[in-house]
Trainee: 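My questions all concern the structure below.
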Amino acid sequence: MPAQTMEELVSLCKRRGFIFQSSEIYGGLQGFYDYGPLGVELKNNIKNAWWRANVHERDDMEGLDASIIMHRLALRHSGHEATFNDPMVDNKKTKKRYRLDHLIKDQKADVLAKVAAAVNEAPENIAAVSARLMEQPARAAEILVEAGVRDAFSGEVGEWTEPRPFNMMFKTSIGPVADEDSFGYLRPETAQGIFVNFKNVVDSTSRRLPFGIAQIGKAFRNEITPRNFVFRVREMEQMEIEFFVAPGTDEEWHEHWLEQRLKWWEDQGVPRQKIIVEDVPADDLAHYSKRTYDLMYDFPTLGHDEIEGIANRTDFDLGSHTKGQAELGLTAQVMENSDSVAKLTIPHPETNKPVVPFVIEPSAGVDRALLAVLSEAYHKETLENGNERTVLKLRPHLAPIKVAVIPLARNKPELVDLARRIKADLQRLGLGRILLEDSGNIGKAYRRHDEVGTPYCVTVDFDTVGKGEDASLTDTVTIRDRDTLAQERVAIADLAEWLTARLR
RNA sequence: GCGGGAGUAGCUCAGCUGGUAGAGCACUACCUUGCCAAGGUAGAUGUCGCGAGUUCGAAUCUCGUCUCCCGCUCCA
């Protein structure tokens, strides 16, 4: 049975070196986590599995690794500067907090009219009313009270605070001298690094539609409430594909990617039955999306929550970043762009006319993937002798340690030396991390490795070095299987083949 | 940001109405012909989350702060 609570996962992660709180010795930093010795192996394995499936094994994909700090104009035209900046107001009486525009929109018509009139805007233009209020925050608080803006929670007129802007993007100054004008943003999604490189990739690879660009990398968001371990964090890692298709073929490609991605999750040990595919309702869609499927994994404690979003971003992004928008017949409503110097078009596969492609975006969180993989792999089992063991039944390609080589007695140099040589030989196969385990006794070593998901333990005993009772076992070792506990005697000469067949 | 709960050894926790910190497990070294957290001997371990205050004296009382958990709010 998979993990029942998030707590037991958090505890295992810390105890065995998967994930630590960031800057812990200084009191910790909310919403940031560090990956430990085993965490980094697991994380790398997940990223490699994704890269292999989506880049190397496809013929229609290119890879990319763009910079994290981006030009402020890139994130203005992407729409993030505006939408990542929601003003919020608090009601001092009820202690509730609302987005200013949501609060105004939910008022009765006469109240809304009063607020709008106070800032000389039309009541139906909520965004403009909100923007006017933000120009004079102190007065805004008075306007809200005077107009009788009610708190839906209490039904009464609230004691409203000044609306304050909440900046969701991390800003940083560029260059050694902090200057008002020389700042950039840490990207809030890796996607924008792909869009601004669209022309570079097309020009350097001669790609034609349909094709995709894949990228794995960090992204940063000033979440208001980082919570739930690595589920909602301010620094995260994404695995994103922007798949470019001819307008009109976008809907079938959207279905294609939904299917591909569910298959991938299954290969990582996250079964379909544990994932709900949510067709995101229109009013919850992001500013760029026409339709989005959210893959909701059934996390312990949290319940169903998003591990991947597969969005149809239409021609919004390339349309936003391109010059000469007017003559391109864009379907998405985009901000006028007089800053970009490039026309982001590609020949239409049938007409050969320049066209701004549509984009299907499968976007998964590495940290969330790791959490989902861990909770599926986590098992507590009662053994035949009544003892309990914790075991991570990770798929072998994801296991942080592939093989532990264990000398049966650690004070016998001939056993330890041979174990060390076997370790070094296996390491050269490139299967991943092989560990020489010479602490504690054999039983403890097995349990330790169960707990971190090591698929195989190789034990060197006295028979191996010809000092046992059975001479026919010389130059053979015991391989112990994590899941079945079964042991098999294998010649050292056959070890590489035996393990490669099962771990690759 | 609000309300509630919590923070003592690597882990789980004890520590009363203030008197200078403890258990189990884990860990380290050595021994063990030993295969599923086995046994023996020896050993190390804490700014009691952090900072102030009260006090002769604070893990214990007060305040502030950080972090974690739960519920709101928010989540492009």
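Only a predicted model underlies this, so the values are computations on that prediction, with no experimental measurement involved. Protein chains get the first letters and strands the later ones, always in sequence-line order, with residue 1 at the start of each. Keep in mind that the numbers below use all heavy atoms, side chains included, and drop hydrogens, waters and symmetry copies.
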Trainee: With rounding to the closest Å, how many angstrom separate the C1' atoms on B/G1 and B/A37?
Mentor: 46 Å
Trainee: Considering only atom P, compute the distance from B/G40 to B/U8 and round it to an integer number of Å.
Mentor: 31 Å
Trainee: Within the 4.0 Å heavy-atom criterion, would you say A/Phe229 contacts the bases, only the backbone, or no part of the nucleic acid?
Mentor: sugar-phosphate
Trainee: Does any nucleotide pair with B/C61 by Watson-Crick or G-U wobble geometry, both distances under 3.5 Å, and what is it?
Mentor: B/G53
Trainee: For B/U20, which nucleotide is its Watson-Crick or G-U wobble mate, given both distances must be under 3.5 Å?
Mentor: none
Trainee: Could you tell me the Watson-Crick or G-U partner of B/C35, where both distances fall under 3.5 Å? Say none if there is no partner.
Mentor: none
Trainee: Taking only nitrogen or oxygen atoms into account, show me every contact under 3.5 Å that the protein makes with nucleotides 41-46 of chain B, one pair per line with its distance.
Mentor:
none

Trainee: Do A/Arg368 and A/Phe231 form a cation-pi contact, if we require the NZ or CZ to be under 6.0 Å from the six-membered ring centre and within 45 degrees of the ring's axis?
Mentor: yes
Trainee: Quick one: do A/Asp461 and A/Arg489 make a salt bridge, cutoff under 4.0 Å?
Mentor: yes
Trainee: Is it the case that the base of B/C35 and the side chain of A/Asp461 share a donor-acceptor contact (distance under 3.5 Å, atom types as modelled)?
Mentor: yes
Trainee: Which value, rounded to the nearest 0.5 Å, describes the distance between A/Arg76 atom CZ and A/Glu81 atom CD?
Mentor: 4.5 Å
Trainee: Shorter than 3.5 Å, N or O on both sides, protein versus nucleotides 29-33 of chain B: list them out with atom names.
Mentor:
| residue | atom | partner | partner atom | Å |
| --- | --- | --- | --- | --- |
| B/C31 | OP2 | A/Asn411 | ND2 | 3.4 |
| B/U32 | OP2 | A/Asn411 | ND2 | 2.5 |
| B/U32 | OP2 | A/Lys412 | NZ | 3.4 |
| B/U33 | N3 | A/Lys467 | O | 3.4 |

Trainee: Is B/C48 paired to anything, Watson-Crick or G-U wobble with both distances less than 3.5 Å, and if yes, which nucleotide?
Mentor: none
Trainee: Work out how far the C1' atom of B/U20 is from that of B/A59, and round it to whole angstrom.
Mentor: 11 Å
Trainee: Can you spot which of A/Thr314, A/Asp279, A/Asn312, A/Asp250 makes a side chain to side chain donor-acceptor pair (under 3.5 Å) with A/Arg291?
Mentor: A/Asp279
Trainee: By nearest atom, which of the nucleotides B/C70, B/C68, B/C11 is closest to the A/Gln21 side chain?
Mentor: B/C68
Trainee: With a distance cut-off below 6.0 Å to the six-membered ring centre and an angular limit of 45° from the axis, does A/Lys43 pair with A/Tyr35 as a cation-pi contact?
Mentor: yes
Trainee: Measuring only the C1' atom in each nucleotide, how far is B/C27 from B/C16? A whole number of Å is fine.
Mentor: 32 Å
Trainee: When the C1' atoms of B/A44 and B/G5 are compared, how many Å lie between them, rounded to an integer?
Mentor: 35 Å
Trainee: Closest nucleotide of RNA chain B for A/Asn228 versus for A/Met236: which of these residues is on the 5' side?
Mentor: A/Asn228
Trainee: Step by step, would you call A/Arg313 with A/Glu361 a salt bridge (charged side-chain N to carboxylate O under 4.0 Å, His left out)?
Mentor: CA-CA 7 Å; A/Arg313 294 181 73 134; A/Glu361 176 198 69; 2.7 Å; yes
Trainee: Less than 6.0 angstrom from the centroid, inside 45 degrees of the normal: does A/Arg234 satisfy that with respect to the ring of A/Phe170?
Mentor: no
Trainee: Under 3.5 Å, which protein N or O atoms sit close to an N or O of nucleotides 36-40 of chain B? Give each pair with its distance.
Mentor:
| residue | atom | partner | partner atom | Å |
| --- | --- | --- | --- | --- |
| B/C36 | O3' | A/Arg447 | NH2 | 3.4 |
| B/C36 | O2' | A/Arg447 | NH2 | 3.1 |
| B/C36 | O2 | A/Arg480 | NH2 | 3.0 |
| B/C36 | N3 | A/Arg480 | NE | 2.9 |
| B/C36 | N3 | A/Arg480 | NH2 | 3.1 |
| B/C36 | N4 | A/Arg480 | NE | 3.3 |
| B/C36 | N4 | A/Leu485 | O | 2.9 |
| B/C36 | N4 | A/Gln487 | NE2 | 3.2 |
| B/A37 | OP2 | A/Asn387 | ND2 | 3.0 |
| B/A37 | N7 | A/Arg447 | NH1 | 3.4 |
| B/A38 | OP2 | A/Lys444 | NZ | 3.2 |
| B/A38 | N7 | A/Asn441 | ND2 | 2.3 |

Trainee: Checking base pairs now: Watson-Crick or wobble, both atom distances under 3.5 Å. What partners B/U67?
Mentor: B/A6
Trainee: Rounding to an integer number of angstrom, what distance separates B/U60 and B/G19 when you compare their P atoms?
Mentor: 10 Å
Trainee: Taking atom C1' in both B/A26 and B/A38, what distance in whole Å separates the two?
Mentor: 16 Å
Trainee: Watson-Crick or G-U wobble partner for B/A29, using a 3.5 Å limit on both distances?
Mentor: B/U41
Trainee: Hey, are A/Lys444 and A/Glu437 close enough for a salt bridge, meaning a charged N less than 4.0 Å from a carboxylate O?
Mentor: no
